[in-house]
Amino acid sequence: MGVIVVGLSHKTAPVDVREKLSFPEASLADSLKTLRGYEGVRECLILSTCNRVEIYAVAQDTAAGVEQIKRFISEHRKIAPESLAQSLYVHTEAPAVRHAFRVASSLDSMVVGEPQILGQLKDAFEAGLKNKTTSAIVNKLLKKAISVAKRVRTETKIAESAVSISFAAVELARKIFGDLQGKTVMLLGAGEMAELAARHLINNGVKSVLVANRTFERAVELAKEFNGSAVRFEDFPTELVVADILICSTGAAHYVVTHDAVSKALKGRHHKPIFMIDISVPRNIDPDVNKIDNVYLYDIDNLQGVVNSNIEGRQKEAERAEEIILQEVETYLQWERALDVVPTIVDLREKVEDMRLRELDKALCQLNGITDDQRRSVEAMSQAIVNKILHAPIVVLKQSASETGSEDLFQFARRLFNLDKDLKKCVHAKGFGGDEGKSE
Amino acid sequence: MNIQFFQAAMVVYLLAAAGYIAYIIAPEKKNRAVFSLVATVAGFLLHTAYFILRWSESSRIPITGFFEAINFLGMGIVLVFLIMEARYRIAALGSFMLPLVVLLMVPALAVSGKIVDLNPVLKSGWLGIHTSLAVLGDSAFAFACIISVMYLIQERQLKKKHLGAIFHRLPSLEIMDTIGYKAISFGWPLFTLGMVTGSIWAEIAWGTYWSWDPKETWSLITWVIYLAILHLRTLGWRGKKMAYLTIAGFLFVLVSFFVVSRIQLGKHVF
């Protein structure tokens, strides 16, 4: 009854598959409740980000649970199961726990060490809690995953250097200007990546934003969003004088920012440095601009180069993180194993007690006219037999609770004493009958 | 006897320099910078103790002759470094400043530390004022030079887009540009006062304010270079050009110390 993970990520599925499968936030509550309604699904949680869609669940029977979850995915997202077969991965037991910890610690992310995934995982957890689709096991798993992620972050340098292009831009700006407070950023053209970079710079202290765009209305719109001011596209060379950082992505097929314009602007600003980021492909800033003193021009490949070298540095840290995760998986599994032994022992006691009472009743009915003392001694005898018989198995169960392979022992005990009474389990148990025959 | 304080200071500086270099090449080891800072402070205290002992022994401020001048320059540089480190918290400064201190002091170890009697005409309160002001000005120039070297390294990395381990350790271009300029605008007035007091002292000792001896002439050139740096700054010169100029200025200071003062001509021979 361990954790099941069924999902796909940037590692197994291209974006067109991922987007089809992603669960929109607005209807997440419904999706969770629907999944919880599938037979045998006891706990569930849906993590849906742009890079991964994963379901964390606990089912009465793991193998059947996996099938139910797969069925849910294809029914709910209306995708043929065959088209998912290649992309979906399934983890159960220890590998499932390890997967959860790796995801939380951002070791499985497209950009290893990026911090967003932990927040996304926390949101998914909250949704599960709010809709009451999670319980003891998934709750414990998620809490543990979050604390493991924090441990990884503090004990390794995995998240220290910038490993996304927009963060790399911030890192470079910091090395040029130090404090970004009081600096001006100019957006030339608008694109998602340019906006993202601008947003990161603003989050890091940049106060003043200028936006220039071919369509002035769009510039006004964007400027409003950033609390900045719009500039007419033709005027950008004059405005360049006040820009400390220029982010360029106009989509033009030629150089928009020329060597002349930049050297003129630099004179105007008394040679104070300019950091230029050319996100456009083909490039919009003349590469020769980088030869001008106090101009630092980075195109998309340069930024990627910075990112790559930082990623290399993270590789070593990632190895240390993996070690931490292995330790933590072990401690989690110990908890889960201990959890499993309790219901088994309770079931065992209940079952045998039930038998004892029934047999005692029968016997007492036949023994007419015995004294109260005699009755008590018969009762005590039945109790003593039961206790003596159960003593050894219960001790063994408890002792093995924290050992690996104990799940098998619990399963075996349940089968031996026929503790799973529902029909499905009986069928299942019969299926194992053959094995027993073989082993004898 | 007192020389042992000097030697101990050197050993501690050497340890600090080694610690700071180890710090800058291995980014994850932060405690190396802490160790090195503690060592630098300890070295400075030993150094100061030596300075005071020598002062009391010779009953004049010990900034006369090559050994004492270098000794005081080293102290001045460490002092400027400690002030800047306290103010800006840039451990990477130590990785450049301490090796410079060690390099400067090695020649001092080689020459005799013996206290020499001073020519009676030179015995005057002006001596200490003139020399200490000039050498403190030089210390500030040394700092500006070092920060310019750091600036050029960082600038080059940013331009060439090869960001090594040192990139993460070095501060931003802007802060280096700013504090380099600050150091010069702090050092130049001291240097100027050093020259003015020297001139007054010369008038008292020899009856002439200025006599174009090699040291005087060379110092005048140095003074003009730093004046030019300050002036060009107001015209908007900054960054790489400024850094080169600042380094060039300090080369004149070094030549003044190690070459001009050794020429057996004029009054500044020591």
Side-chain angles (χ1 to χ4, degrees), chain A residues 155-158 160-162 168-183 204-205 241 244-245 266-277 287 289-314 316-317 320, chain B residues 23-31 84 87-93 147-148 150-182 229-246:
Chain A
E155 290 182 23
T156 72
K157 304 257 169 198
I158 197 152
E160 195 149 83
S161 47
V170 172
E171 188 182 32
L172 288 165
R174 279 242 178 91
K175 283 296 180 191
I176 295 170
F177 302 112
D179 194 357
L180 298 183
Q181 214 92 34
K183 297 291 181 247
N204 281 278
V241 171
D244 300 297
I245 303 165
L266 219 68
K267 267 190 206 118
R269 53 190 275 113
H270 298 295
H271 301 277
K272 275 193 284 176
I274 304 187
F275 177 30
M276 297 190 162
I277 304 163
V289 161
N290 193 48
K291 291 186 185 139
I292 303 173
D293 263 356
N294 299 315
V295 175
Y296 303 93
L297 169 63
Y298 279 70
D299 64 29
I300 192 85
D301 284 1
N302 300 145
L303 289 172
Q304 192 58 52
V306 173
V307 167
N308 288 349
S309 69
N310 286 346
I311 285 173
E312 262 170 55
R314 283 189 177 196
K316 224 169 62 191
E317 295 301 314
R320 290 181 48 213
Chain B
Y23 158 82
I24 205 161
I25 54 178
E28 70 270 19
K29 300 280 162 47
K30 231 178 197 131
N31 47 1
M84 289 298 186
R87 170 78 179 76
Y88 294 100
R89 298 253 142 241
I90 303 168
L93 271 173
I147 203 98
S148 296
M150 289 163 70
Y151 181 97
L152 289 175
I153 293 172
Q154 188 76 315
E155 207 271 348
R156 198 183 152 79
Q157 297 204 66
L158 278 162
K159 269 273 195 222
K160 303 272 179 217
K161 286 122 188 156
H162 292 310
L163 311 179
I166 202 173
F167 171 77
H168 298 279
R169 283 296 193 219
L170 289 176
S172 68
L173 292 181
E174 188 167 293
I175 192 85
M176 289 193 280
D177 196 47
T178 308
I179 63 180
Y181 171 67
K182 270 190 187 160
I229 289 175
L230 292 177
H231 181 62
L232 288 168
R233 181 80 184 194
T234 62
L235 296 181
W237 271 47
R238 57 174 70 236
K240 215 159 81 177
K241 273 192 233 164
M242 214 51 174
Y244 280 129
L245 211 54
T246 308

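Within every chain, numbering begins at 1; the chains are lettered A, B, ... in the order of the sequence lines, protein sequences first and strands thereafter.
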- Is it the backbone or the side chain of B/Gln157 that comes under 4.5 Å from a heavy atom of chain A, or both, or neither? backbone
- Item | Derivation and outcome, side chain to side chain contact (heavy atoms under 4.5 Å, CB included), residues A/Leu303 and A/Leu172 | CA-CA 9 Å; A/Leu303 289 172; A/Leu172 288 165; 3.7 Å; yes
- Item | side chain to side chain contact (heavy atoms under 4.5 Å, CB included) evaluation trace for B/Trp237 with B/Leu245 | CA-CA 10 Å; B/Trp237 271 47; B/Leu245 211 54; 4.2 Å; yes
- Message: Please identify which of these residues, A/Ile274, A/Val289, A/Asp293, A/Val241, meets the side-chain contact (heavy atoms from CB on, under 4.5 Å) condition with A/Leu266.
- Response: A/Ile274
- Message: Between A/Lys267 and chain B, with a heavy-atom cut-off of 4.5 Å, which part of the residue counts as in contact: side chain, backbone, both or neither?
- Response: neither
- Message: Taking side chain as everything from C-beta outward and backbone as N, CA, C, O, which of these in B/Ile175 sits under 4.5 Å from a heavy atom of chain A? Side chain, backbone, both or neither.
- Response: neither
- Task: Go through the atoms of A/Asn302 and report whether side chain, backbone, both or neither lie under 4.5 Å from a heavy atom of chain B.
- Result: side chain
- NZ (A/Lys272) with more than 12 external heavy atoms under 6.0 Å: no
- Yes or no on salt bridge (charged side-chain N to carboxylate O under 4.0 Å, His left out) for A/Arg174 and A/Glu171, after CA distance, side-chain angles and deciding distance? CA-CA 5 Å; A/Arg174 279 242 178 91; A/Glu171 188 182 32; over 6 Å; no
- Check whether A/Tyr298 gets within reach of chain B through its side chain, its backbone, both or neither, counting any heavy atom under 4.5 Å. both
